[in-house]
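Single-structure report; data block below.
Each chain gets a letter, A, B and so on, in the order its sequence line appears, and its residues count up from 1.
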Protein chains: 2
Amino acid sequence: MTASAPMPRPGVAFLLAQLGAHAAGLFAERITGLDLTPAQAGLLRMLAARPGRSQRELADDLGMPPSRFVPFADELEERGLIERRRNPADRRVYALHLTGKGETLLGELAQAGMEHERLLCEALTDEEHDRLLVLLRRMADQQGLRPDVHPGYRNLRPRPGA
Amino acid sequence: MTASAPMPRPGVAFLLAQLGAHAAGLFAERITGLDLTPAQAGLLRMLAARPGRSQRELADDLGMPPSRFVPFADELEERGLIERRRNPADRRVYALHLTGKGETLLGELAQAGMEHERLLCEALTDEEHDRLLVLLRRMADQQGLRPDVHPGYRNLRPRPGA
DNA sequence: TATTGTTATACTCTATAACTATA
DNA sequence: TATAGTTATAGAGTATAACAATA
């Protein structure tokens, strides 16, 4: 009789954490070719969706303190991907925008994202992929997650090899 | 005419990363009451599934270098949750095992996991939950993920508030 | 000579908290 | 007095590499 405690099989929560970390690692690895980290890619996407927001707002959404956001944005500005614009009405704030170069890179990023999606979902039929999408969107919505941001952006340099 | 570039909606990969980080953060927060981090909980589960493995093997599965595993295991040993047993046949290795106290805590952990699962999947019917489980397991299997471990264990102290 | 476990150390990253300029 | 942005700094966490014991 070797009947000890029954080992519970992993549930949805564990699989989401596992697959999520796996997906994030693969994506980080993929975009090293574009010389971007996931958090940098996230900021570019956020600026495309809502241009002109303040550093404070963006830092909040990314889950990082303003003191960390400054050098984070500095690098992207030095690379000519984003630009800071003064607001004459309130000279304390910077409005952040994508440059043309930033928009171009965002296009390459979208391509990388599509290939990433394809490889990650290779085990699914097209129909299954769509059904999965529906369920995950419903969960994300009910859990109060916003479309553009996710908590993993806090980690500035995840190991690409995950 | 405000038709600029069409903003692509997030796909499965992004939602998995987002929900996965969210789920991991909620779980981390939940088990602070048991005074455990996700990585510590992961080790306890690994020892329940396969007792007696060496520190080297376990460190590899957890994605951490041996030098980091030692103080990590030290703490759990000092708290009486795991124990190191010498192997007379090869005196270099320690075989790690759960103590009775560790098994008890693992039971509380399982309960926390069930409540976590319930809240995370609140938006789904029971049937949808099961269908989601099937799809995620198939993906995890095809992507080569092992049942007990996930790459997020590398992060020793994720913000509980995620 | 190779491997397990351990320790030491240098380095990176981080949050906290000042500080400035504007409001 | 409060807020956006910035800078400084002290502390925590990490990987790398050396080391000791055993094979």
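Rounded to whole angstrom, the span from the CZ atom of B:R53 across to the C1' atom of C:dT4 amounts to 15 Å. In this structure, B:L96 places its CG atom 8 Å from P of C:dG5, rounding to the nearest Å. Rounded to whole Å, the distance from CZ on B:R68 to C1' on D:dT14 is 7 Å. Counting to the nearest Å, the P atom of D:dA12 and the CZ atom of B:F72 are 19 Å from each other. The separation between A:M64 atom CE and D:dT6 atom C1' is 16 Å, rounded to whole Å. C:dA21 atom C1' lies 11 Å from atom OH of A:Y94, rounded to whole Å.
Within a 6.0 Å sphere centred on CZ of A:R86, other residues, nucleotides and ligands contribute more than 12 heavy atoms.
Listed by first and then second residue, the ring pair (Phe, Tyr, Trp, His ring centres under 6.0 Å) pairs that reach into residues 33-57 of chain A come to none, sequence neighbours excluded. Sorted by first and then second residue, the side chain to side chain donor-acceptor pair (under 3.5 Å) pairs with a member in residues 134-144 of chain B read A:H22-B:Q143, A:E122-B:Q142, A:E128-B:R138; sequence neighbours excluded. Pairs passing the ring pair (Phe, Tyr, Trp, His ring centres under 6.0 Å) check and including a residue from residues 94-113 of chain A, sequence neighbours excluded, do not occur. Under the ring pair (Phe, Tyr, Trp, His ring centres under 6.0 Å) criterion, the residue pairs touching residues 24-61 of chain A are A:F27-A:H116, with sequence neighbours excluded.
Counting heavy atoms from C-beta outward, B:F72 and B:L58 have side chains that stay 4.5 Å or more apart. Contact check for B:L36 versus B:R79: side-chain heavy atoms found under the 4.5 Å cut-off. At least one side-chain heavy atom of B:R30 sits less than 4.5 Å from a side-chain heavy atom of B:L119.
Within 4.0 Å (heavy atoms only), B:F69 reaches no atom of the nucleic acid at all. Looking at heavy-atom distances under 4.0 Å, B:S54 makes contact with sugar-phosphate atoms alone, never a base.
Distances shown here put every side-chain N or O of A:R56 at or beyond 4.0 Å from the OP1 or OP2 atom of D:dT3.
Between the side chain of B:S67 and the base of D:dT14, no donor-acceptor pair under 3.5 Å is found.
Looking at A:D61 and A:R53, a side-chain N of the basic residue comes within less than 4.0 Å of a carboxylate O on the acidic one, giving a salt bridge.
Checking A:P65 against B:P66, the closest nucleotide of DNA chain C that is more toward the 5' end is the one next to B:P66.
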Polar atoms only, N or O, under 3.5 Å: list the protein pairs with nucleotides 19-23 of chain D and their distances.
{"from": "D:dT22", "atom 1": "OP1", "to": "B:R91", "atom 2": "NH2", "distance (Å)": "3.2"}
{"from": "D:dA23", "atom 1": "OP1", "to": "B:R91", "atom 2": "N", "distance (Å)": "2.8"}

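Closest contact between the side chain of B:V70 and the listed nucleotides D:dT6, C:dT6, D:dA4 involves C:dT6.
For the segment residues 73-82 of chain B, no residue has any heavy atom less than 4.0 angstrom from an atom of DNA chain C.
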